[in-house]
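So the structure is just underneath, and the comments pick up after that.
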Amino acid sequence: MSVAMISPPLSEAETDAGAATLAKAVPVLQLVDVRKTFGDFAAVDGIDVDIREGEFVTIVGPSGSGKTTLLRMLAGMEAPSSGYITLRGELINDVPADKRPTCLVFQSLALFPHKTVGENIEFPLKVRKMPAAERKRRALDFMRMVRLPEHYYAKNVMRCSGGEKQRVALARAFAYDPDVLFFDEPLSALDYKLKKVLEKELKDLHRESGKTFVYITHSLEEAMVMSDRVGVMSRGRLVQIGTPEDIYTRPATRFVAEFFGEVNSFPVKRMPDGGWTLAEGGPIIVAPVDTAMGDTATVIVRPETMRFVTGPSRADNLISGKIYNEYSLGSRMQYQVHAGERIYLVEVARAAASGLVAGDAVTIGWDARDAILVGD
Amino acid sequence: MSVLTASHEEAAAKPSHLAIPAGLRAAAPVILLLVLGFLAPLVTVAAYAFATPKSFDVFRSFTLANFAAIVEPSNTVWTSFVWSLSYALATTILLAIIAYPIAYGLNRMFGKWAGLVSVLFVFPLFVSENVRLYGWVLFFIKNGVLDGGLKWLGLAGGPEVLYTPGAILFGMLYVYLPFMLFPMTLGLAMIPKDLVDAARDLGAGRLMIWREIELPLAMPGILIGMLLTFVLGAGAIAESKILGGQSVITIAQDIEIAFTYAQNWPLGSALALLLVVIVSGLALFILSRLDLDRILGRR
């Protein structure tokens, strides 16, 4: 049943794939030095980014990083103070929301509480003065697309569950048939399990529809699961943008690295021979970087790239310490290791950690390629 | 000692109190107050309406003579009903049109504080209605504030609007504005801004947003305001007496005359009962149409 429902759009996406690659050369949405200031405060402080046709781009950032303001400018609810926003090459800085072929799915979803599920989805069609019968047919199509049962058509929208409301909001946005869909963390109010399901569904829907999605969230996890590219925002600036892989393995700054969760970070100093030393002393071997660095920097080592070194096995960097505590993460174990003044987090597969308990003396090690040098 | 008494009382009281639920017992004082203070006068008025005309034989006589007198073709009291209901209707419609833009503006200007700001419009109610209306008399009267002021400026003087039906309507609009504005502002404040933004984002223009989103969602507040205004307007008396100078007799004034000057309590009661039936009938009809639960999405 579910396979039959999903398969037609999938095949459609396959035929579109060729056309999509061609269109990818031209950015659908282009931002050039976009700024938004409120008095002295720059909420968005110069953003340059090209968003390609059919891409799923997620902008991640902590609250107050300016991501919502950026999205409101893209959707036409806020005008930029300076800079240019172009849609398919056309300047849209001052084009109001109702005249833009874009649609925003609000964090609150903004469903019309006095309307049924069907009436909500039909709203953009009604705006276009589509005849009622045609509207209903289209609404039912969109409901199928977001996996809402047909009998929900006449249901009061406020009687729907959180996940169902999400689908209604999505169907309504699709009914507008926008060139670009914007999402203002619409999944944030849902429980963890449902969120996981809907994240994947959203990505499937992106693939099936071939539309361009721009999503904002404060959850990097959410961003990683869904996006083709992730942009990390901090204090109104886009710190880094790249594939989830890029962001994870080659964070541009300490902020980006730490935004991903727990990391070991060491302040380091440059030595006369070009190598690096820990700020408190002791050499550290890091992967060579091609970007310019100052005399001080930070080395990031993820807990999962650290390991316990025993017997003949080697690692580029070695440190002796004592296990202070252990935390079970399910399939993996995490250890807090104290060595001198410093605390290290080491995460290993459960099997690789057998027998280690608090108080044990251990040697931890990591390879140079896992030591990521980032500027401050 | 007191503990002993209490436990004695409790023991004695227990069997007889078993049948009455605790909630009802706790509500008893309020129920008693409502029965004595609210229901009893209503029942008395209703009873008087069926008493022998021009007598005080309440509860001892039953006759429909009072109602017969009202509907008798020679009796022109029906014009008072028509005047009162027409004034109430006109006031309600005009105030709805006047108050909506004000309420809308208040919400745009003050956001979530709009409800509080509209309370300021209620402040005039702290001054007696009669005093405020006499203030308008001084304003409109010959050689008063308006007329005298214009003459002082060397102009022709103000129009003679006092003691006309128009002056009554003006007085009613003035007096009942807060009753329309307050619920309307609250009703408009209940509309989340996101909904308006979302509707615009989906391509809707101003008119479409107003018709499809703002008006339906503000409807509970608007209807409550209209209901309040109509019910109060139908019982209005001071405006016609003070600003209208008796150029129009409202039904409330007829009732007052029957009770005071004419000393015909049964007739006054019959008129009052009729007014209650008409107004509450209309109110119930509107309330039955107003499905608050559905609008608020609870059903």
Side-chain angles (χ1 to χ4, degrees), chain A residues 68 71-78 95-117 119-130 154-160 165 168-184 186, chain B residues 96 100 103-104 107-109 111-112 114-115 183-227 286-299:
Chain A
T68 301
L71 199 70
R72 287 181 68 83
M73 285 193 283
L74 295 180
M77 283 153 206
E78 208 90 64
V95 177
D98 54 326
K99 301 282 191 293
R100 278 187 199 198
T102 60
C103 187
L104 170 62
V105 177
F106 286 71
Q107 182 166 23
S108 68
L109 301 181
L111 296 173
F112 306 132
H114 57 301
K115 291 179 182 285
T116 63
V117 168
E119 286 166 349
N120 263 280
I121 299 171
E122 284 176 17
F123 185 79
L125 307 175
K126 199 170 176 182
V127 170
R128 283 177 203 165
K129 304 194 165 55
M130 188 185 279
K155 188 169 178 163
N156 184 325
V157 78
M158 297 321 273
R159 299 276 289 176
C160 291
K165 282 182 188 164
V168 177
L170 216 57
R172 189 179 68 179
F174 271 106
Y176 183 61
D177 194 26
D179 286 359
V180 185
L181 271 102
F182 300 118
F183 298 87
D184 184 4
Chain B
Y100 189 87
Y104 188 85
N107 274 300
R108 283 295 281 266
M109 282 289 288
K112 62 177 181 218
M184 212 179 233
T185 308
L186 288 183
L188 278 167
M190 281 187 352
I191 305 170
K193 197 178 166 292
D194 268 5
L195 297 189
V196 177
D197 280 346
R200 180 166 305 129
D201 191 39
L202 292 165
R206 265 293 351 132
L207 195 68
M208 182 88 177
I209 293 172
W210 179 74
R211 201 182 60 212
E212 291 277 329
I213 312 296
E214 286 175 339
L215 196 59
L217 287 175
M219 220 20 134
I222 295 172
L223 283 180
I224 288 167
M226 291 177 85
L227 203 64
I286 293 170
L287 280 176
S288 70
R289 286 302 175 89
L290 170 69
D291 196 339
L292 275 175
D293 282 344
R294 194 188 136 66
I295 293 166
L296 297 177
R298 284 201 218 100
R299 197 161 52 80

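Residue numbers start from 1 in every chain, and the chains themselves are labelled A, B, ... in the order their sequence lines are given, proteins ahead of strands.
Side-chain contact between A:Ser108 and B:Leu195 is absent, with no heavy atoms from C-beta onward closer than 4.5 Å.
Separating the CE atom in B:Met208 from the NZ atom in A:Lys129 is a distance of 7.0 Å, to the nearest 0.5 Å.
Proximity to chain B is limited to the backbone of A:Leu111, based on heavy atoms less than 4.5 angstrom apart. In this structure, chain B has heavy atoms under 4.5 Å from both the backbone and the side chain of A:Lys126. A:Arg172 touches chain B through backbone and side chain together, each having a heavy atom under 4.5 Å away.
Using a 4.0 Å cut-off between a side-chain N of Lys or Arg and a carboxylate O of Asp or Glu, B:Asp201 and A:Arg100 do not qualify as a salt bridge.
None of A:Lys115, A:His114, A:Glu119 except one satisfies the side chain to side chain contact (heavy atoms under 4.5 Å, CB included) rule with B:Glu212; the exception is A:Lys115.
Counted within 6.0 Å of CZ on B:Arg108, heavy atoms from surrounding residues, nucleotides or ligands total 12 or fewer; the atom is thus considered open.
Checked against ring pair (Phe, Tyr, Trp, His ring centres under 6.0 Å), B:Tyr104 has no partners two or more places apart in sequence or in another chain. A:Phe182 meets the ring pair (Phe, Tyr, Trp, His ring centres under 6.0 Å) test with no other residue; sequence neighbours excluded.
Ranked by heavy-atom pairs under 4.5 Å with chain A, the list B:Asp197, B:Val196, B:Asp194 is led by B:Asp194.
Among all heavy-atom pairs drawn from B:Leu202 and A:Phe123, the shortest one is CD1-CD2, 3.9 Å.
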